[in-house]
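Below: the structure, in structure tokens.
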Amino acid sequence: MAPAPVAAEQAAPAAAAPASSAPVRPAPAASPAPSVKTRPATARTAARQAAALPAAPSAAAARWWPAVALDIADGGWALDVPQIPAPAGTKLGDWFAWLGTGLPLRVERAHPAGRGGDGMVCLTAAALGQLGLPATLPGTEKALATLHTKLAKAAATVGMEISDQIGPSFHAFRRAGSAGGPKTSVRVTVAPWLGQGDGRQQAVSSLATPLATAPDGTRDGLTLTRRYRAFTADLGAAPGATTASTAMLLLDAVRPRVEWVKDETTGEWSSHLREGALPSGDLCVPPAAGARHPLTRELLSRGEAVCEEEDYKWWARELTGQEAVRPWVVAVDVCASYLSVTDSLRLPVGPLERVENPAWDGGKTAGLWWADFTTTAVDELLPHPATFHGRPPTGPGWYATPTVAYMITTYGFDPSTISVADLSAHTAPLLKEWTGRLRGGYKRAYTELGLMDGQAPEEFLAAYAVHKDVGTDPVRADALVLAGLYKNIYKGGIGKWADSARHLDDQVWLEKVAAAWSYRPELRFHIIAAARIAAHRRLRKTLLLTGRAPFAVNVDSYLYAADAPSPLELLPVKDDGTPVPGALRLGIAPGSHKHESSIPLEAAVEAMERREHPSKLVHRYATDGTPIGQEQPGADGGAAGTGNDDEEGDN
């Protein structure tokens, strides 16, 4: 069986290309003269090249490209990166020879201690036909085997090999010392095959499918490579199999766990964990082991408490007299709620250790604290800040540092009453670089859609109302797809810390998931606690300034009684009309809010009388209060769950 292909520079970890903060994109420049007839790209191809996000650097600055599309124009090869020469012929053997020439394709490393990744060649439908490959992925094992044999024979003529399995995405590579050229590895994606094949074949390229989907719904190779280059430039890492796994790949890219060191005597390379890296191994403590872990099951079987730091779920209260006479319910939703807290959030890098009678250090140490908030008075019109259900706790429980810190500073909880804690020996802002990449890509994509920092509330509402109307504009279409992916990457990544991987049996899960460096449920508890506390802080400040409070909350969707179907009356503003920092405000920036829906108050009251949560109505009404039909998928919000994949949502 062939080994998993890796980028060529990984053979000598520290001797590869110099570090780069982000991959570069090609500049429009003359293509080197190919050895066969190569036509200029068609107008369609040129338009897509011009739509790259953002503008490309100069040709002199561009040494590597993450991806290139191989297309046909006017009967000859056309590439959407003109600096890359075309294949010398149109046969499969010519194509494999071209793949093995050491093309300047690579996802450059985002950190000096990190690794780069294989570059990608994408075949368009026209190129697929030119090479004599089927327009659709064969649907039977026999036909797939025949196709694999055909490709493998063509690759072998130039010393190349291909992945054991053929699907929408596979690798072509040459081992060191093989005849035909240097060691190399290239990912091949066949755009027309995306979304086809069995579950395994689709899984390895699941993120490529939305990246390749053009506004008309077709799988387009030129669209894929354009968005792929924008994606890698924004994040510094290539897409993985899922948004959750991509989040972990990104974290390892911008904050590598492993450092390679060369022995000056022997000349051999060895690796070791960098300082502050998350260690591997099952490091779970009973109160924060995750829903599937045996430690959790054991505690629950004895009736003991486990940590329950989660997003708000289905909280609601009775309307006040003033709220009951207002005709509307306005729902506002937090934008990128987790990204609003992860930049500077101190997280437990080291294993948690049991400490008796712990000293409170102002929240500098990450961990879980056994605290009793039952006698601590909080704001009655708001959900309780320390519980996911929003109701007051009925006894002591395990709480993450952000929750305890807020209860101390805001409500006067006495930390000396904490009798025991599980604390980390090493606390650090682990997700700082990760957050910076995702925030940067998120904000850049939304800027292309007309949404940016500093917009007046009315301007933002108008821009948000039409930001999904991309028409045939490739720039806006690309931005909308990328913005959605970036949101699901950060949410899926936070859920990944407590991965339940339901497709694995218990023993395999313990060996492959619970013992991995990326399984740290206490990190997820800290992030969600911080996001919930940040939301409560904004709600409380808004209440103190305006007297207005939400009467229902679900995840990061807040429902207010209002006099008009608009959130403008809810916004605290300073004397000069500008938003008050730290309170409810409209905008696309992480932690700001968008107008989600306006619901007739009567409909919300009727839902509550049926013992339904009124947030279920959010997707049945437009922002002007117009009914738009039945409840849509995703109405329950976008929490970072504990599944093995992504948590979809719209925050």
Side-chain angles (χ1 to χ4, degrees), residues 2-12 15-17 23-27 29-41 59-60 62-73 76-108 115-124 126-128 130-133 150-163 169-190 221-222 224-225 228-229 232 238:
V6 295
E9 76 274 18
Q10 293 180 19
V24 294
R25 300 193 182 93
S31 173
S35 54
V36 296
K37 181 176 71 173
T38 304
R39 299 285 188 239
R63 293 186 54 211
W64 301 96
W65 289 267
V68 64
L70 185 62
D71 197 9
I72 296 292
W77 292 120
L79 291 91
D80 65 342
V81 178
Q83 293 85 353
I84 296 179
T90 58
K91 306 291 186 183
L92 266 180
D94 300 324
W95 179 62
F96 277 111
W98 175 70
L99 293 178
T101 56
L103 298 171
L105 294 172
R106 184 174 68 198
V107 177
E108 292 209 78
R115 294 183 174 186
D118 289 347
M120 181 183 74
V121 170
C122 182
L123 295 178
T124 66
L128 201 62
Q130 181 69 63
L131 293 171
L133 297 175
K150 177 180 179 179
L151 290 169
K153 285 182 177 179
T157 62
V158 291
M160 297 281 285
E161 301 176 56
I162 60 172
S163 305
S169 184
F170 60 93
H171 273 85
F173 57 98
R174 183 188 289 119
R175 302 173 191 270
S178 296
K183 176 182 178 181
T184 190
S185 179
V186 180
R187 175 175 289 278
V188 176
T189 299
V190 184
L222 296 166
L224 170 59
T225 53
Y228 192 97
R229 290 191 291 265
T232 55

With sequence neighbours excluded, what pairs up with R187 under the side-chain hydrogen bond (donor to acceptor under 3.5 Å, both in side chains) test?
S169

Tell me, do M120 and V68 make a side-chain contact under 4.5 Å, heavy atoms counted?
no

Considering only heavy atoms from C-beta outward, does the side chain of V107 approach that of D118 to under 4.5 Å?
no

Using modelled atom types only, decide if a donor and an acceptor are shared between the side chain of D80 and the backbone of A69 within a distance under 3.5 Å.
yes

Partner residues of A156 under the side-chain contact (heavy atoms from CB on, under 4.5 Å) criterion, sequence neighbours left out
none

Pairwise side-chain contact, W65 with R106, heavy-atom cut-off 4.5 Å (strictly under):
no

Would you find more than 12 non-hydrogen atoms of other residues, nucleotides or ligands less than 6.0 Å from K153 atom NZ?
no

Please answer whether the main-chain N or O of G89 pairs with a side-chain N or O of W98 as donor and acceptor at a distance below 3.5 Å.
no

Find out whether F173 and I162 are in side-chain contact, i.e. whether some heavy atom of one side chain is under 4.5 Å from a heavy atom of the other.
no

Residues in side-chain contact (heavy atoms from CB on, under 4.5 Å) with A154, at least two apart?
L92, F96

Mind checking side-chain contact (heavy atoms from CB on, under 4.5 Å) for A127 and listing every partner two or more places apart, or none if nothing turns up?
L70, W77, L123, T124

Of all residues at least two apart in sequence or in a different chain, which pass the side-chain contact (heavy atoms from CB on, under 4.5 Å) check with P182?
R174

